[in-house]
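The structure appears right after this line, and notes come after that.
Note that the structure is a prediction, hence the values are computed from the model and not measured. Any value given below was found using the heavy atoms of this structure, including those in side chains, with hydrogens, waters and symmetry copies removed. Residue numbers start from 1 in every chain, and the chains themselves are labelled A, B, ... in the order their sequence lines are given, proteins ahead of strands.
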Amino acid sequence: MNDVIAVKRRLIETLSEAASKAQEMGKLPAVALPEITVEHPPNSGHGDYASSLPLKLARATGSNPMAIAREMVGLMAPAAEIASIAVAPPGFINFTLKDDWLTRQVDGILAAKDAYGNMTIGQGTRVQVEFVSVNPTGPLHVGHGRGAILGSTLANVLAAAGYDVTKEYYINDAGNQIDAFYRSLYARYQQAFGIAAGVPANGYVGNYMIDLAKEIIAEEGNKFLTLPEREAIARLGEIGLKKMIAQITSDLELLGVTFDVWFSERSLYQGGQYEKAMSLLKQGGYIAEKEGATWFESTALGEDKDNVVVRGDGSPTYFAADIAYHYNKFLERRFDKVINIWGADHQGHVSRMKAVIGALGISPERFKVIISQMVTLRRGSELVKISKRSGDLITLREVIEEVGADACRFIFLSRSADAQMDFDLELAKKESMDNPVYYVQYAHARIASIMKFAQQDQMDFSDGDVSLLTTEPELALIRKMVLLPEVIEVVTETMEPHHLAYYAQDLATVFHSFYKQCRVVSDDKVLTRARLKLVQAAKSVLARTLTLMGMQALEKM
RNA sequence: GUCCCUGUAGCUCAGUCGGACAGAGCGGCUGCCUUCUAAGCAGUUGGUCGGGCGUUCGAGUCGCCCCAGGGACGCCA
């Protein structure tokens, strides 16, 4: 187990033992102990860890919290890594870490290298993160980028926490939308040859469809003109679909987002999973025929309304496909946990999918949906349209090319998924010099520069004595570095990657402050070696944090 | 009408399980480059935490009721 996490666990244990002992001795009424937690006090003057257990016990026992705190502290065996335990009003117990324990962590971080922060809390649990999964009927826009960044970062963190992670993209390559896409493409194809064909009413009218048709013509010529319409649409559509998927793939790669599995909706029908899932629900008595269609009776499960799974014309709905897909995730591929990141427009889909999960006999805590809220794109005060159906749209690719992948990632990671946000292109660019993105990367580049400078003197610091790191700026830096494992733990528990961005910024801040106050390479060779160790460790933690966020750790800026 | 998300400093946003004086970045105002990167540092300005009631020793955080913004309520996906 990681050292800091171990310390935290030990403190909780110490508190628990002290409380029990006080009860045994009759100094504290024998009430059930509340869940014991330790936190980081907001004010650093109060130490590294604090517990409000006495305050909580005061409520349960009706006694004075300060007295309880004193009693408990008196019963605590001093832990090896703790320098002092103090009681503070109105009833906190504060713990301060020993300086030499802190400085030793520098050696620990250097030894862990890229693996620093890794944990085993996941215990190899098989978790699937499904994200983006945009219909391959048009290019990605910024909103999709948000989900992509959220998902890939979450996957990185879960992997660091010891989960066995599969990143997956669900390709909706069947159904009405694909049909509309195929027909729209066929119309544009015909138009390119001067044939008066109309894009269907519910079709995709964007200019990219004209470009797509032209691209196909350049490669395939006019051969689809002579085919029967049915066949032409199918074959042309297939080519267009492949191209759209390729484009989506490469757009995501620009953002540093990749997937382990690209899962085809069609395969659900070809593999018989759709039938299996449906018959399972039927067996459970959740399926009913009415009004000429087949329904999933979710009202019986507390839902607002029932939902159609098979239309009057016999074709399955999107909902039916998703049922089959989740049947596949849980019952065929047997993921222990499934995390879906959906756009805000899918929020109505959440509760009925939860109902399905229950109906399939899957325990609800294995299924988690994160809704990534809307992004509105603007240039200053001017609103920029990103609708797929309209002609003028700014694609994700254009945004990335304009502001940069790292800036994009950081901006999205600085906000919690359930807050709607404005993405101001002007601001993202104008701020580019003062952007927190560069602030963090600059800290890393600065250290790289120090290392390079030190290397000119062939400085070997492998025997640096970390116990010489005794000043406030040095210890403050270590205190922050040592927090990464906890951040990873928090992100894992809350599924909120944005904590990482704030941590990155905090870490950069303490580093920059340290840098200003402490000269690393100096005439004092012994101190220099110790500080080189410190700075090298800081570089490693910064790099790890940036990597988890999917960002570059630059050597030079 | 029902359901979901949001409302915290001039702006953009954090705020774990209810805890110590409510935080950061940007902006504004002051200072700081002979020395490893000033894309930096130090200081300062700035808040009825949308409003009300309640629970609690203690509420930005929990409950109820309002107000405001956004989204979802298809045999679209």
Which residue pairs satisfy the salt bridge (charged side-chain N to carboxylate O under 4.0 Å, His left out) criterion with at least one member in [range], sequence neighbours excluded?
{"range": "residues 523-542 of chain A", "result": "A/D107-A/K533, A/D463-A/R529, A/E474-A/R531, A/K539-A/E555"}
{"range": "residues 294-323 of chain A", "result": "A/K290-A/D306"}
{"range": "residues 402-415 of chain A", "result": "A/R379-A/E402, A/E402-A/K429"}

Paired and unpaired positions of RNA chain B as dot-bracket, Watson-Crick or G-U wobble under 3.5 Å, | denoting a partner strand: (((((((..((((.....[...))))((((((.......))))))....(((((..]....))))))))))))....
B/C33 glycosidic torsion: syn (within 90° of 0) vs anti: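 The base of B/C33 is oriented syn (glycosidic angle within 90° of 0).
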Contacts of [X] that satisfy ring-ring contact (aromatic ring centres under 6.0 Å, His included) - sequence neighbours left out:
{"X": "A/F131", "answer": "A/F259"}
{"X": "A/F412", "answer": "A/F423"}
{"X": "A/F453", "answer": "none"}
{"X": "A/F296", "answer": "A/F319"}

Counterpart residues, side chain to side chain contact (heavy atoms under 4.5 Å, CB included), relative to A/A58 (two or more places apart): A/P65, A/I68
Over all atoms of both residues, closest heavy-atom pair of A/F95 and A/L11: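 It is CD2-CD2, 3.6 Å.
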Strand-adjacent residues in residues 346-357 of chain A, judged by heavy atoms under 4.0 Å from RNA chain B: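 Heavy-atom contacts with RNA chain B come from A/H346, A/Q347, A/G348, A/R352.
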Phosphate-side-chain proximity, A/R311 and B/C76, N/O vs OP1/OP2 below 4.0 Å: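 Looking at the OP1 and OP2 atoms of B/C76, one of them is under 4.0 Å from a side-chain N or O of A/R311.
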Nucleotides 14-21 of chain B: which of its N/O atoms have a protein N/O under 3.5 Å away?
{"from": "B/A14", "atom 1": "OP1", "to": "A/S416", "atom 2": "N", "distance (Å)": "2.7"}
{"from": "B/A14", "atom 1": "OP1", "to": "A/S416", "atom 2": "OG", "distance (Å)": "3.0"}
{"from": "B/A14", "atom 1": "O4'", "to": "A/Y502", "atom 2": "OH", "distance (Å)": "3.4"}
{"from": "B/A14", "atom 1": "O3'", "to": "A/H498", "atom 2": "NE2", "distance (Å)": "3.4"}
{"from": "B/G15", "atom 1": "OP1", "to": "A/H498", "atom 2": "NE2", "distance (Å)": "2.8"}
{"from": "B/C17", "atom 1": "N4", "to": "A/V38", "atom 2": "O", "distance (Å)": "3.2"}
{"from": "B/G19", "atom 1": "N7", "to": "A/S52", "atom 2": "OG", "distance (Å)": "3.4"}
{"from": "B/A20", "atom 1": "N6", "to": "A/N94", "atom 2": "OD1", "distance (Å)": "2.8"}
{"from": "B/A20", "atom 1": "N1", "to": "A/N94", "atom 2": "OD1", "distance (Å)": "3.1"}
{"from": "B/A20", "atom 1": "N1", "to": "A/N94", "atom 2": "ND2", "distance (Å)": "3.0"}
{"from": "B/C21", "atom 1": "N4", "to": "A/N43", "atom 2": "ND2", "distance (Å)": "2.7"}

Lys/Arg-Asp/Glu bridge criterion (N-O < 4.0 Å) met for A/E168, A/K329: no
Would you tabulate the pairs of protein nitrogen or oxygen atoms and nucleotide nitrogen or oxygen atoms of nucleotides 40-42 of chain B closer than 3.5 angstrom?
{"from": "B/G40", "atom 1": "O2'", "to": "A/R446", "atom 2": "NH1", "distance (Å)": "2.8"}
{"from": "B/G40", "atom 1": "N2", "to": "A/K516", "atom 2": "NZ", "distance (Å)": "3.2"}
{"from": "B/C41", "atom 1": "OP1", "to": "A/Y439", "atom 2": "OH", "distance (Å)": "2.5"}
{"from": "B/A42", "atom 1": "OP1", "to": "A/S513", "atom 2": "OG", "distance (Å)": "3.3"}

